[in-house]
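Notes follow the structure.
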Amino acid sequence: MSFVEYSDFIQDGDVAIVYLGHESMMPVKVQKGAQTQTRYGVLRHSTDLIGRRYGSKVTCSKGGWVHVLHPTPELWTVTLPHRTQILYTTDIATITMMLELKPGSVVCESGTGSGSLSHAILRTIAPTGHLHTVEFHQQRAEKVAEEFKEHRVDHLVTVRNQDVCKDGFGVTGVADAVFLDIPSPWEAVRHAKAAMKKHGGRVCSFSPCIEQVQRTCEALADQGFEEISTIEVLLRVHDVRTISLPVPDFGSDPSAQTEPDAAEKTAPASAPIQDTVAMKATVPPREIPGHTGYLTFATKPRTS
Amino acid sequence: MADNGDDESQYRIKGGDYVVLKRGEIFKAVQIQPKKKVIFEKQWFFLDNAVGHLYSTTFEIGSGGVLQLRKLRDAESSTDAKEAGTDNRNIVDDGKSQKLTRDDIEMLKEQGLKGQEIIQQLIDNSSTFRDKTGFSQDKYIKKKKKKYENTVTILKPSCRILAMMYQGREPGKIRHLRYDTLAQMLTLANIHAGSKVLVFDTCAGLVLGAVMERMGGYGSVIQMYPRGEPVRAGVESFGFPAHFRDTLHGFPICHVNALLAGTLDTTAKDPRTSLVKVLTSCFFFQAQEKKVKQEEKRKKLAAAAALLEGRNADGLVIASQYQPCPVLMGLLKFLSPSRPFVVYSQHKEPLIECYTKLKEHGGTVGVRLTDTWLRHYQVGFKL
Ligand SMILES: C[S@@+](CC[C@H](N)C(=O)[O-])C[C@H]1O[C@@H](n2cnc3c(N)ncnc32)[C@H](O)[C@@H]1O
């Protein structure tokens with residue numbers, strides 16, 4: 001298991017995602033001899049997990065069962081321990097495409113936060129790219145570095161514990177893309193520029209408030225970034241349900257009676273016709289999906 | 001660690017490269033071929049002069065369709081507004097604010113004035129420009145630039161650019177797949193280097209190309225295609241390095257049932273082959289060629305079949321105008337357990353069918369039917 005490479009079987013030391021049911025999952029560090037409590041009872045790692053195939057249905061001590069899934073950055077995003085606000089998959093997917101990330105990309109990121117975005121970046125830039133991620137909160141920086149190791153992606157990432165607005169990313173002229181998720185991104189724009197390749201590249205900043213966006217756009221334009229564009233992407237989940245619709249009764253149809261055949265087949269006149277029909281339909285989201293933040297993208301042109 | 005500009009070859013435009021032309025928000029994918037006339041935004045020109053220059057360079061289209069380097073950074077500064085109004089209360093939209101007539105502008109063009117100089121003339125002759133706010137002055141310049149500046153920027157293709165290009169130019173060809181949707185698909189299918197991914201794409205090959213870009217030439221992509229030849233025009237436009245081709249395989253879905261039943265024989269000669277040979281024996285060379293081609297085809301099919309036989313693919317992406325449910329249920333059999341898959345349809349109803357079928361069938365978790373909303377914000381700011 002690694003976050004950048006699938007395996008078929010669960011092994012000691014893996015991180016597996018236990019799927020308990022609709023929207024309910026938990027990450028489990030697989031360890032010989034260890035046990036994990038779930039609402040369906042105990043999972044014994046040595047017998048219930050190690051050596052089994054990812055995707056297996058496993059019965060817990062109380063008789064309930066769970067599925068054990070191979071971790072992916074997307075499953076991690078919905079199960080990771082929150083130490084900060086995090087980015088979710090809808091924004092992450094957009095960021096990944098709009099920053100043009102692919103295997104081999106060199107990316108700078110700040111702040112690392114809980115590492116939700118970092119894992120998705122690492123998945124996309126492996127096996128030849130590198131992520132330089134900057135987090136000024138020491139415990140967070142240490143914790144996320146530990147997770148990168150457990151997820152076997154530590155060879156692809158450098159975590160720096162410093163203030164990106166003061167000290168930058170710790171590298172210059174190497175990045176194809178830079179991502180900012182900090183309260184004052186405009187203070188880091190010049191560092192973003194310095195970190196990027198001479199040839200140019202893409203930058204993105206995530207901010208919840210439009211005032212932050214405005215200041216960031218100003219700083220980007222000021223530093224010569226081009227194609228500055230701010231978007232928001234929202235996900236709508238459609239609930240598929242079986243609905244049942246009543247059918248109105250128009251009374252018996254005299255014209256249909258004229259056919260002798262039909263008259264014969266019709267059972268006693270009072271037999272009720274089917275009064276409801278069932279069909280599949282989607283229920284639109286009850287609320288307009290909530291605002292997470294604005295994504296501002298820009299291109300750094302070639303500089304000499 | 002820093003790239004000190006030594007290895008710039010990858011950023012240089014070469015003959016034969018697939019590139020994307022850009023002006024404003026308009027894109028077009030072309031290949032650089034000697035003396036080939038390209039038409040873009042109602043103008044024709046030749047790309048020969050672009051060869052050797054760096055990607056992202058902007059050129060001016062000179063007379064005779066010859067590309068010339070645009071003078072550095074003059075575009076923005078020379079048309080800097082000196083004065084700006086605070087609002088537009090004094091602006092009357094009577095069509096009389098511009099003193100230059102269409103004929104005047106044509107004359108200026110004939111005198112050989114560059115796009116930018118024409119825009120400056122338009123500004124100087126506009127009675128309302130000074131009263132416009134800084135924001136609408138910018139907008140005015142942008143609009144005029146689009147019309148009179150005959151520049152073109154040459155970009156290296158990427159999934160982002162090609163997806164936006166198709167969406168703008170030929171949305172029907174990609175079954176109205178939006179770039180924000182494609183972004184979701186690539187991430188939700190966990191497309192990454194080193195995996196084995198099945199793709200059923202009749203969106204001009206855009207989705208297939210996008211998957212290949214994310215795999216970076218590591219692992220294998222098997223294009224499952226319906227009758228005839230697989231559609232790959234979009235893949236060409238990505239301009240991948242030659243070795244990416246080795247990771248791409250094709251398998252016609254008309255052979256899927258046979259493969260699953262274990263009756264697909266990729267070693268036997270197609271019985272029709274001998275017939276063709278007899279019929280065309282008087283065109284010996286042609287027949288020979290055909291035989292070689294068929295042999296090649298058979299080998300390719302066998303290679304794709306071998307990849308599928310293990311039924312251990314890591315990902316499945318479906319994007320087409322075909323009824324998705326049978327495609328999904330047919331191809332799902334090739335996926336390893338605990339691997340993600342994504343189905344795109346322009347319409348919601350066929351996906352309701354997929355959802356229902358998956359629930360009935362069992363064996364999947366976390367199935368969701370979603371779409372995204374993308375909104376652009378106009379952010380006003382002063383420099
Ligand atoms: C909202 S979180 C980032 C979440 C992250 N994108 C994720 O998906 O998990 C913001 C992080 O930035 C860090 N931060 C804020 N200002 C910073 C600065 N100037 N330099 C470095 N890190 C900073 C904070 O400590 C916090 O952990």
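In what follows, chains are A, B, ... by sequence order, proteins preceding strands, each numbered from 1.
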Greatest number of heavy atom pairs closer than 4.5 Å to chain A - which of B:Met185, B:Met215, B:Met164: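 Among B:Met185, B:Met215, B:Met164, the one with the most close pairs to chain A is B:Met215.
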
Counting heavy-atom pairs under 4.5 Å with chain A, which one of B:His376, B:Gln184, B:Glu213 comes out on top?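 Maximum pair count with chain A is reached by B:Gln184.
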
For B:Lys22, is there an ion pair with A:Glu227 - N to carboxylate O distance below 4.0 angstrom?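 Salt bridge flag = yes for B:Lys22 with A:Glu227.
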
Once rounded to the nearest 0.5 Å, what's the spacing between atom [atom1] of [X] and atom [atom2] of [Y]?
X: A:Tyr6; Y: B:Ser195; atom1: OH; atom2: OG; answer: 7.0 Å
X: A:Ile210; Y: B:Tyr377; atom1: CD1; atom2: OH; answer: 7.0 Å
X: A:Ser229; Y: B:Gln378; atom1: OG; atom2: CD; answer: 11.5 Å
X: B:Asp180; Y: A:Leu235; atom1: CG; atom2: CG; answer: 10.5 Å
X: A:Leu101; Y: B:Ser158; atom1: CG; atom2: OG; answer: 11.0 Å

Atom [atom1] of residue position [X] - does it have more than 12 heavy atoms of other residues, nucleotides or ligands inside 6.0 Å?
X: A:Arg236; atom1: CZ; value: yes
X: B:Lys196; atom1: NZ; value: yes
X: B:Arg245; atom1: CZ; value: no

Take A:Tyr294 and B:Val379 through the side chain to side chain contact (heavy atoms under 4.5 Å, CB included) test and state the conclusion after the steps. CA-CA 11 Å; A:Tyr294 303 99; B:Val379 180; over 6 Å; no

Of all of [options], which one pairs up most often with chain B through heavy atoms under 4.5 Å apart?
options: A:Thr94, A:Thr90, A:Thr72, A:Thr89; value: A:Thr90
options: A:Arg215, A:Glu5, A:Arg202, A:Glu232; value: A:Glu232
options: A:Pro73, A:Gly21, A:Gly55, A:Ala93; value: A:Ala93
options: A:Lys102, A:Glu100, A:His70; value: A:Glu100

Region of A:Val4 that comes under 4.5 Å of a non-hydrogen atom in chain B: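 The answer is the backbone of A:Val4.
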
A:Tyr54 versus chain B, heavy atoms under 4.5 Å apart: side chain, backbone, both or neither?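 Both backbone and side chain.
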
Intermediate values then yes/no, side chain to side chain contact (heavy atoms under 4.5 Å, CB included), B:Arg214 and A:Thr96: CA-CA 10 Å; B:Arg214 287 286 176 94; A:Thr96 306; 3.5 Å; yes

B:Tyr11 vs A:His199 aromatic rings, parallel, tilted or perpendicular, using cut-offs 30° and 60°?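 Ring orientation, 0 to 90° scale: parallel.
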
With a cut-off of 3.5 Å and sequence neighbours excluded, list every side-chain donor-acceptor pair involving residues 347-364 of chain B.
from	atom 1	to	atom 2	distance (Å)
B:Lys348	NZ	A:Thr282	OG1	2.7
B:Glu353	OE1	B:Gln323	NE2	3.0
B:Glu353	OE2	B:Gln323	NE2	3.1
B:Thr356	OG1	B:Ile352	O	2.7

Can you name the residues that form a side-chain hydrogen bond (donor to acceptor under 3.5 Å, both in side chains) with A:Arg152, not counting sequence neighbours?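 Partners of A:Arg152 under the side-chain hydrogen bond (donor to acceptor under 3.5 Å, both in side chains) test: A:Asp14.
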
Qualifying salt bridge (Lys or Arg N to Asp or Glu O under 4.0 Å) pairs with a residue from residues 337-346 of chain B, counting only residues at least two apart or across chains: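 The answer is A:Asp8-B:Arg339, B:Asp314-B:Arg339.
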
Neighbourhood of chain A inside residues 367-375 of chain B, taking heavy atoms under 4.5 Å as contact: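 When heavy atoms of chain A are the reference, residues 367-375 of chain B contributes B:Arg368, B:Leu369, B:Thr370, B:Asp371, B:Thr372, B:Trp373, B:Leu374, B:Arg375 within the under-4.5 Å range.
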
B:Asn190 and A:Glu74: CA distance, side-chain angles, deciding distance, side chain to side chain contact (heavy atoms under 4.5 Å, CB included) verdict: CA-CA 8 Å; B:Asn190 190 20; A:Glu74 288 59 54; 4.2 Å; yes

Check the pair A:Met97 / B:Cys159 against side chain to side chain contact (heavy atoms under 4.5 Å, CB included), numbers first and verdict last. CA-CA 7 Å; A:Met97 175 186 271; B:Cys159 170; 3.4 Å; yes

Heavy-atom side-chain proximity of B:Tyr55 to A:Arg302 below 4.5 angstrom: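 No, side chains not in contact.
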
